[in-house]
Amino acid sequence: TVEGTVTDKTGAVIPKATVKLTNEATGFVREKTTSEVGLYRFDLVPAGMYNLRVSAPGFASLNFEKVELAIARTTTLDASLSPSQQ
């Protein structure tokens, strides 16, 4: 399981942010949007090395690379997004 909360730099939650989980070695890809309170959760993810990308309109994307996920363990990745430079 991978879960977390997406916020901005002030700590305010970001609803409907896009969270994409990718294992390049196996081709596994799963994508979700955060809830109204900024939460996301991926259940039943096969063990392995993953990249997690978090993005939302008006914010710079954030990437977590080489995140190791293990069986029967929950990994928490909270993301704090900065305003984009546009």
Side-chain angles (χ1 to χ4, degrees):
T1 300
V2 183
E3 64 183 14
T5 304
V6 179
T7 59
D8 65 15
K9 291 296 181 183
T10 68
V13 297
I14 301 176
K16 299 185 181 174
T18 301
V19 184
K20 186 174 183 180
L21 185 66
T22 306
N23 182 323
E24 294 177 6
T26 64
F28 178 95
V29 177
R30 213 178 273 174
E31 189 172 297
K32 293 194 174 213
T33 57
T34 57
S35 69
E36 292 301 316
V37 292
L39 300 174
Y40 72 90
R41 182 177 175 102
F42 294 97
D43 288 311
L44 303 173
V45 177
M49 296 295 284
Y50 288 84
N51 294 332
L52 184 87
R53 179 179 174 88
V54 182
S55 59
F59 293 91
S61 296
L62 181 63
N63 294 306
F64 294 94
E65 296 182 355
K66 299 182 181 175
V67 177
E68 184 176 5
L69 302 182
I71 295 172
R73 186 175 81 191
T74 298
T75 301
T76 301
L77 294 173
D78 294 326
S80 179
L81 301 184
S82 298
S84 67
Q85 298 296 325
Q86 297 177 359

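Every residue two or more places apart in sequence or in another chain was checked for a side chain to side chain donor-acceptor pair (under 3.5 Å) with T76, and none qualifies. Remark: D78 pairs with no residue by the side chain to side chain donor-acceptor pair (under 3.5 Å) rule, at least two apart or across chains.
Residues I14 and L81 are in side-chain contact: their nearest non-hydrogen atoms beyond the backbone lie under 4.5 Å apart. Side-chain atoms of V13 and V6, non-hydrogen and from C-beta on, never get closer than 4.5 Å to each other. With a 4.5 Å cut-off on side-chain heavy atoms, Y50 and F28 count as touching. Side-chain contact check for N51 versus V67: every heavy-atom pair is 4.5 Å or farther apart. Proximity of V19 to T33: side-chain heavy atoms (C-beta onward) are nowhere separated by under 4.5 Å. No side-chain heavy atom of N63 sits less than 4.5 Å from a side-chain heavy atom of L52.
Surrounding CD of E31 are more than 12 heavy atoms belonging to other residues, nucleotides or ligands, all under 6.0 Å away.
Of all heavy-atom pairs spanning Y40 and T5, the tightest one is CE2-N, 4.1 Å. Counting all heavy atoms, side chain and backbone alike, F42 lies closest to K32 at CE2-CG, 3.5 Å.
Using a distance-only test at 3.5 Å, with no hydrogens or angles considered, no donor-acceptor pair links the side chain of N23 to the main chain of G27.
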Handout entry: Residue pair E3, T74: steps toward the side-chain contact (heavy atoms from CB on, under 4.5 Å) verdict
Key = CA-CA 7 Å; E3 64 183 14; T74 298; 3.6 Å; yes
